[in-house]
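First comes the structure, then the notes that go with it.
These numbers were taken from a predicted model, which means no experiment stands behind them. Proteins come first, then strands; the chains are lettered A, B, ... in the order of their sequence lines, and each starts at number 1.
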Number of protein chains: 2
Amino acid sequence: MQLVKIYECLCDETRLRVLNILAQGPLCVCHFQEILREPQVKISKHLAYLRSRGLVECERQGNWMIYELPAKPSRELRTNLACLQDCAREHPAFQRDLARLQKLAPKLAATGPCGCATAKPAVR
Amino acid sequence: MQLVKIYECLCDETRLRVLNILAQGPLCVCHFQEILREPQVKISKHLAYLRSRGLVECERQGNWMIYELPAKPSRELRTNLACLQDCAREHPAFQRDLARLQKLAPKLAATGPCGCATAKPAVR
DNA sequence: GATTCATATTCCTTAATAGGAATATAGATA
DNA sequence: TATCTATATTCCTATTAAGGAATATGAATC
């Protein structure tokens with residue numbers, strides 16, 4: 001059942017945090033590292049997990065992998081992501097992540113979702 | 001995180017079916033067996049799992065254990081159960097279970113949620 | 001008190017998952 | 001071509017979960 005696969009994705013805190021952040025827009029792995037403050041392996045693996053089950057999509061952009069929520073999510077996925085948003089609003093942990101994302105906003109505006117310290121603007 | 005515990009409960013098909021049925025009202029284990037057509041151990045264990053995480057409550061009534069959704073669910077739980085309801089509406093498996101529940105309706109009306117074949121009415 | 005009925009628990013095996021350390025890869029750059 | 005950067009994968013270990021067979025428990029009944 002597709003629904004079970006969705007819930008399997010949702011039953012890990014790191015993945016919930018990832019999805020909460022992605023609700024704001026696409027992002028690259030190094031930014032997840034910065035916001036979540038978790039080691040690269042951990043983030044990369046959880047993103048792979050989410051990807052294998054269709055909860056995120058990704059696209060390479062130079063050295064960076066940009067992850068984002070599916071362009072055409074199923075009704076079930078849409079419903080559950082909305083539900084997660086609803087629940088996340090209350091949680092300090094999620095709020096904190098969004099605050100950190102905000103701090104990156106200027107950088108993101110300048111360089112796009114892969115705007116890491118060393119990154120050149122996507123459009124030269 | 002409480003939210004993760006909820007999702008852990010939701011990532012098994014049997015448990016989803018149980019919760020879907022419980023949304024209609026309290027029920028005893030033997031009725032779950034009848035509706036889900038799964039062995040007793042399996043159902044009993046999943047109910048214990050749900051109970052240990054606060055997704056269901058139960059109460060003994062003679063020989064029967066009556067399970068039901070929490071009287072005072074947290075906001076998160078309420079939100080997620082509503083979301084599940086929403087998703088379940090589409091799924092044949094869930095519909096089938098509800099249809100089977102409907103077939104038991106007359107019996108339930110006569111004997112309450114523990115109205116198994118041999119059960120006496122709850123109120124004598 | 002012995003039996004029966006509904007349900008729970010234990011024991012076992014198997015499979016899935018998480019996390020970290022180390023290593024591999026793909027693209028960009030020198 | 002060699003190197004660097006961002007990210008992915010492999011290998012390992014520990015934990016958790018699922019399912020079934022057998023058994024235990026608690027309440028009711030004989």
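Listed by residue number, the members of residues 7-20 of chain B with any heavy atom below 4.0 angstrom from DNA chain C form an empty set. Sorted by residue number, the members of residues 46-60 of chain A with any non-hydrogen atom under 4.0 Å from DNA chain C read A:H46, A:Y49, A:R53, A:R60.
For the pairing with B:E76, the side-chain contact (heavy atoms from CB on, under 4.5 Å) check across B:K5, B:M1, B:Q2 returns one residue only, B:Q2. Between B:I35 and the choices B:V18, B:L98, B:I21, the side-chain contact (heavy atoms from CB on, under 4.5 Å) rule is met once, by B:I21.
A straight line from CG of B:N63 to P of C:dC5 spans 10 Å, rounded to a whole angstrom. Atom-to-atom, CD of B:E38 to C1' of D:dG19 comes out at 10 Å; the value is rounded to the nearest Å. With rounding to whole Å, B:M65 atom CE is found 20 Å from D:dA24 atom P. The distance between atom CD1 of A:I43 and atom C1' of D:dT9, rounded to the nearest whole Å, is 16 Å. Rounding to whole angstrom units, NZ of residue A:K42 and P of D:dT9 are separated by 19 Å. Rounded to an integer number of Å, the gap from CD of B:Q61 to C1' of D:dA27 is 13 Å. Across the protein-nucleic acid pair, B:Q33 atom CD and C:dA8 atom C1' stand 12 Å apart, rounded to whole Å.
Of the listed nucleotides (D:dG20, C:dA21, C:dG19), D:dG20 has the atom at the smallest distance from the side chain of B:P39.
Other residues, nucleotides and ligands place no more than 12 heavy atoms under 6.0 Å from the CZ atom of A:R37. With a 6.0 Å radius and a threshold of 12 heavy atoms from other residues, nucleotides or ligands, B:R51 has its CZ atom at or below the threshold.
In terms of polar N and O atoms assigned as donor or acceptor, the side chain of A:Q40 never comes within less than 3.5 Å of the base of D:dA6 in a complementary pairing.
The structure places SG of A:C11 at 12.5 Å from CD1 of A:I6, a figure rounded to the nearest 0.5 Å. Note that CG of A:L55 and SG of A:C9 are 3.5 Å apart. Values are rounded to the nearest 0.5 Å.
The closest donor-acceptor contact from the side chain of B:R15 to the backbone of B:E8 lies under 3.5 Å.
For B:V29 and B:K45, each mapped to the nucleotide of DNA chain C holding its nearest heavy atom, the one lying further toward the 5' end belongs to B:V29.
The side chain of A:Y67 contributes no N or O atom lying less than 4.0 Å from OP1 or OP2 of D:dA6.
For the residue pair A:H91 and A:E13, no side-chain donor N or O sits within less than 3.5 Å of a side-chain acceptor on the partner.
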Audit row: A:L16, A:L84, side-chain contact (heavy atoms from CB on, under 4.5 Å) steps and yes/no = CA-CA 8 Å; A:L16 290 184; A:L84 173 58; 3.9 Å; yes
